[in-house]
Amino acid sequence: AQTVTQSQPEMSVQEAETVTLSCTYDTSENNYYLFWYKQPPSRQMILVIRQEAYKQQNATENRFSVNFQKAAKSFSLKISDSQLGDTAMYFCAFMKPRNTGTASKLTFGTGTRLQVTL
Amino acid sequence: DAGVTQSPTHLIKTRGQQVTLRCSPKSGHDTVSWYQQALGQGPQFIFQYYEEEERQRGNFPDRFSGHQFPNYSSELNVNALLLGDSALYLCASSPNPRGRNSPLHFGNGTRLTVT
C-alpha cells in the first residue's frame with residue numbers, strides 16, 4: 001500500500017515571498033502520478049499541479065512548481081510570489097495508474113495549513 | 001459548465017440513525033468516487049461507482065453503501081451512525097475510461113456531524 005507523509009502541519013509566509021511545502025511518499029510502483037491539491041475554507045479540493053513519475057522534468061503552473069526527486073520519493077511544492085488567496089490547506093496525493101477499468105483512487109497526506117500574511 | 005455538486009451542505013444526525021448524501025458529477029463525467037475527510041486529516045477513499053456498480057472500495061465497513069443512477073448521480077448511505085462518522089464527505093467525479101488517470105474534480109462536500 002502507498003503512504004503519503006506531510007511533515008509540516010502549518011506554515012506561514014509573507015505576501016510576495018516564496019514558500020516550499022514538503023511531501024514524501026512510499027511506494028513500490030515505478031510508474032505513478034503525484035498531485036498537489038488546495039483546499040480553501042470553501043472546502044472544495046482544487047488541483048494545483050500534477051507530476052507524472054516517468055517525466056524527469058519538474059511540473060510548473062504559473063507561480064507553482066514542484067521539486068520531484070523520484071529516488072528520494074520526495075515531492076515538494078514551491079509557491080512563488082505568495083498571495084493572500086493562497087491561504088488554504090494543501091494536500092499531497094498519490095495515484096497509481098490503471099491501464100484498464102475505472103478511474104484510479106487518490107491516497108492523500110494529512111495536509112499542510114498555509115497562512116499568507118501581509 | 002456545472003462542476004460537482006453535493007447536497008446537503010451540512011447535516012446533523014444522532015448516533016444509530018441513517019443518512020443519505022447526494023452528488024451530481026461534473027458535466028461529461030460518468031464515474032463518481034466518495035471520500036471521507038475527518039477533522040485535521042486528508043481524505044480517505046470510500047468507494048467508486050461506474051455504470052451503476054461499485055467498482056472499487058476502500059477500507060470502510062458495510063455500513064457505508066452507495067448507489068449510482070442512470071444520470072450518473074450518486075448517493076452515499078451510512079447506517080447505524082457512530083460518533084466517529086463525523087466528517088466532511090467529498091464527492092469526486094472523472095470521465096471514464098479515457099480519463100482513468102485524470103485528476104479528480106471535487107465538490108464542496110457535506111459536513112456530517114453525529115451527536
Side-chain angles (χ1 to χ4, degrees), chain A residues 1-10 21 23-25 29 31-55 59 61 64 66 88-113, chain B residues 3-6 9-10 23 25-26 29-60 68 72 74 87-112:
Chain A
Q2 291 77 30
T3 59
V4 177
T5 302
Q6 293 179 252
S7 59
Q8 304 156 313
E10 295 185 7
L21 308 184
C23 172
T24 59
Y25 57 94
E29 302 291 332
N31 189 27
Y32 46 87
Y33 298 88
L34 295 166
F35 304 89
W36 279 98
Y37 277 88
K38 166 185 176 181
Q39 188 178 41
S42 67
R43 309 182 316 198
Q44 184 182 19
M45 284 284 189
I46 301 167
L47 178 66
V48 174
I49 200 165
R50 161 188 168 133
Q51 175 79 41
E52 296 164 16
Y54 65 86
K55 291 187 177 180
E61 285 288 341
F64 299 88
V66 299
M89 284 289 291
Y90 285 81
F91 290 94
C92 178
F94 174 101
M95 184 172 79
K96 174 182 172 182
R98 293 164 68 99
N99 295 322
T100 60
T102 54
S104 301
K105 65 176 184 179
L106 290 169
T107 300
F108 287 88
T110 54
T112 296
R113 183 176 302 280
Chain B
V4 180
T5 57
Q6 293 186 243
T9 305
H10 295 87
C23 171
K26 178 180 169 66
H29 289 186
D30 55 12
T31 301
V32 173
S33 301
W34 287 92
Y35 287 78
Q36 180 196 64
Q37 186 178 12
L39 193 63
Q41 300 296 315
Q44 291 199 11
F45 176 73
I46 303 175
F47 46 51
Q48 179 193 83
Y49 277 83
Y50 171 65
E51 291 186 334
E52 303 179 47
E53 291 187 13
E54 183 183 291
R55 301 290 179 166
Q56 299 181 68
R57 190 178 182 91
N59 189 24
F60 279 81
Q68 186 178 35
Y72 310 125
S74 176
L88 178 67
Y89 288 84
L90 293 167
C91 174
S93 71
S94 56
N96 199 73
R98 64 190 180 283
R100 67 171 63 87
N101 295 318
S102 298
L104 301 180
H105 293 253
F106 285 85
N108 287 359
T110 294
R111 173 75 66 192
L112 172 65

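In the text below, chain A, chain B and the rest are named by the order of the sequence lines, each starting its count at 1. Computation of the quantities below employed the complete heavy-atom set of this structure, encompassing side-chain atoms and omitting hydrogens, waters and symmetry-equivalent molecules. Everything quoted here is computed from the prediction, not taken from an experiment.
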Let's test your reading of the structure: which of A:Arg113, A:Met89, A:Gln6, A:Gln39 forms the most heavy-atom pairs below 4.5 Å with chain B? A:Gln39

Flag side-chain contact, heavy atom, 4.5 Å: B:Gln41 against A:Phe91: no

Between atom OH of A:Tyr37 and atom CG of B:Leu104, what is the distance when rounded to the nearest 0.5 Å? 5.0 Å

Rounded to the nearest 0.5 Å, what separates atom NZ in A:Lys105 from atom CD in B:Gln56? 7.0 Å

Can you tell which part of B:Glu51 gets under 4.5 Å to a heavy atom of chain A, answering side chain, backbone, both or neither? neither

A:Met45 side chain reached by B:Val4 side chain, heavy atoms, under 4.5 Å: no

If you count the non-hydrogen atoms of other residues, nucleotides and ligands that lie under 6.0 Å from CD in B:Gln44, is the total more than 12? no

Are there over 12 heavy-atom neighbours, none belonging to A:Phe108, within less than 6.0 Å of that residue's CZ? yes

Which atoms of A:Glu52 approach chain B - backbone, side chain, both or neither, heavy atom under 4.5 Å: neither

Segment of B:Ser93 engaging chain A (4.5 angstrom heavy-atom cut-off): neither

How about A:Ile46 and B:Phe106: do any of their side-chain heavy atoms sit closer than 4.5 Å? no

Answer whether the closest heavy-atom distance between the side chains of B:Gln37 and A:Arg43 falls below 4.5 Å. no

